[in-house]
Amino acid sequence: MLNFQYHNPTRYVYGPGEHHRIGALLKPFASKVLLHYGGGSVKRTGLYNAVVASLEAAGIDFIELSGVKPNPSLSLVRKGIDLCRREQVDLVLAVGGGSVIDSAKGIALGVHAPIDVWQYYTDCIDDIRHDVLPVATILTLPAAGSENSPNTVLTDEEHELKLGYGHSKLRPLLSIVNPELFLTLPPNQMANGASDMLCHIFERYFTNTGDTQLSDALSEATMRTIMQQALVLAANPTDLNAWGQLGLSGTIAHNDLLGIGREQSWACHMLEHELSAVYDVPHGAGLAVIVPPYMEATWPHNPGIFYQWATNVMGVTPSRNTEAVIREGIARLRSWYRAIGLPQTMQELGIPADANFTRMAESACQRSGGPGNTLLGIYPFNAREAEAILRAAVAP
Ligand code: NZQ
Ligand code: ZN
């Protein structure tokens, strides 16, 4: 296990009905709030009215900025920054999924910044010497884990560039996770979310770091829970307990508790961000297409961790034939993706066979941080090898 520090200051409020308390919970921290949300689901579900009533009851002034799209845009973040500066907002309240929360973090970061906010993402600036506005969230989609992560992912649509940025100052001050708010999600969003949270664990679990028994065991329990509860929800989307388990799993999967003391990869995320930057595909669906071929290329470089996963998580019977066990584990993962309705080929994802996979692989390798422009992870795949992984997902 490697040395590590873990600091997680987010106040996590879980349970049915808790969103009605948002005004009272924010009162000690804010007098004027930016209420930030997406394309309208919060209005259709009645959540918007409940939040406004709670803010008003607590005497908290607010302005609004709506219209966050999936794969949130840099242009809306810049608009939000201008608005917050003009209106002297002191907290950003994100009501939505990962896209709304990430957009809120971008705004919070930029309001007092002496430079354009995009520079943090392009230059991975570690040293933030100015105030960052606090962010509070009411989660409506368990997936990205942004409600408790220090990360934000934005897309510069003009240059087809999707970049993430992480800093401890971006962990939310407060997050409300109420599984009742997930009941209105369409089945594909449940599946996308489950795929994303599962991959957040893969990116940490599949590592060359040894002596990680505790975080291995926590990771395995969380992976099994995600896979089981997603199947429950695919059969019965109104199961509130399953939504609660999935919601909590999504947070645990990405608040980095499971990543402590380990080398991490993020190779599949790097590849997926290339797909969604150009083709605007849902992040979790893109991951479902990339993960199996990435695993097939990676396992020979560390069969031990893949064998452990196949037996402890995928339920494959132990055997001396390590390769057969691992291949069965990957086959079962593919079946699980299919069972919850996720795509398994580029074409099913809406990406044509003649897409520019060469450029995407080169760009992912440049950004990933592996030695000499390779993908960071168990094995440092170069651009040619990364391209082969992408092409392996093209249907014959
Ligand atoms: O915009 P509205 O109308 O609200 O509709 C949304 C959106 O169309 C809808 N939705 C959300 N809650 C709903 C609902 N519809 C009905 N009922 C509800 N309760 O769902 C659609 C997708 O929402 P989105 O926020 O885009 O999904 P998700 O939470 O999967 O977030 C995806 C984004 O997060 C980034 C991804 O790259 C992607 O841009 N990620 C952020 C991370 C982080 N900050 O740590 C880590 C992840 O790896 C990920 O990269
Ligand atoms: Zn993700």
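Worth saying up front: this structure is predicted, and the values here are computed from it rather than measured. Remember, it's 1-based here, ligands and their atoms both numbered in the order they're listed.
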inquiry  = Classify the ring geometry of Trp309 against Phe202: parallel below 30°, tilted from 30° to 60°, perpendicular beyond 60°.
reply    = perpendicular

query = Which protein atoms of type N, O or S are found under 2.8 Å from the Zn ion (ligand 2)?
reply = Asp196 OD1, His200 NE2, His269 NE2, His283 NE2

query = Is it true that His112 and His130 have ring centroids separated by less than 6.0 Å?
reply = no

request  = Examine Trp299 together with Phe306 and report whether their ring centres are nearer than 6.0 Å.
outcome  = no

key: Connected hydrophobic set around Met1, excluding itself, where side chains approach under 4.5 Å   = Phe4, Tyr6, Leu257, Ile260

query = Taking only residues two or more places apart in sequence, or in another chain, which ones meet Arg85 in a salt bridge (charged side-chain N to carboxylate O under 4.0 Å, His left out)?
reply = none

query = Angle class for the Tyr294/Phe381 ring planes (parallel below 30°, perpendicular above 60°, tilted otherwise)?
reply = perpendicular

inquiry  = Please report the interatomic distance CG(Leu163) to CE(Met270), rounded to the nearest 0.5 Å.
reply    = 8.5 Å

remark   = Contacts for ligand 1, heavy atom under 4.0 Å, by chain and number, are Gly38, Gly39, Gly40, Ser41, Val68, Pro70, Asn71, Pro72, Gly97, Gly98, Ser99, Asp102, Thr140, Leu141, Ala143, Ala144, Ser146, Ser149, Asn151, Thr152, Val153, Lys162, Leu181, Thr184, Leu185, Gln189, Asp196, His200, His254, His269, His273, His283

task = Supply the atom-to-atom distance Glu220 CD to Ile201 CD1, rounded to the nearest 0.5 angstrom.
result = 10.5 Å

inquiry  = Check for me, please, whether Ile128 and Leu173 land in the same ILVMFWY cluster - side-chain distances under 4.5 Å, paths through other members count.
reply    = no

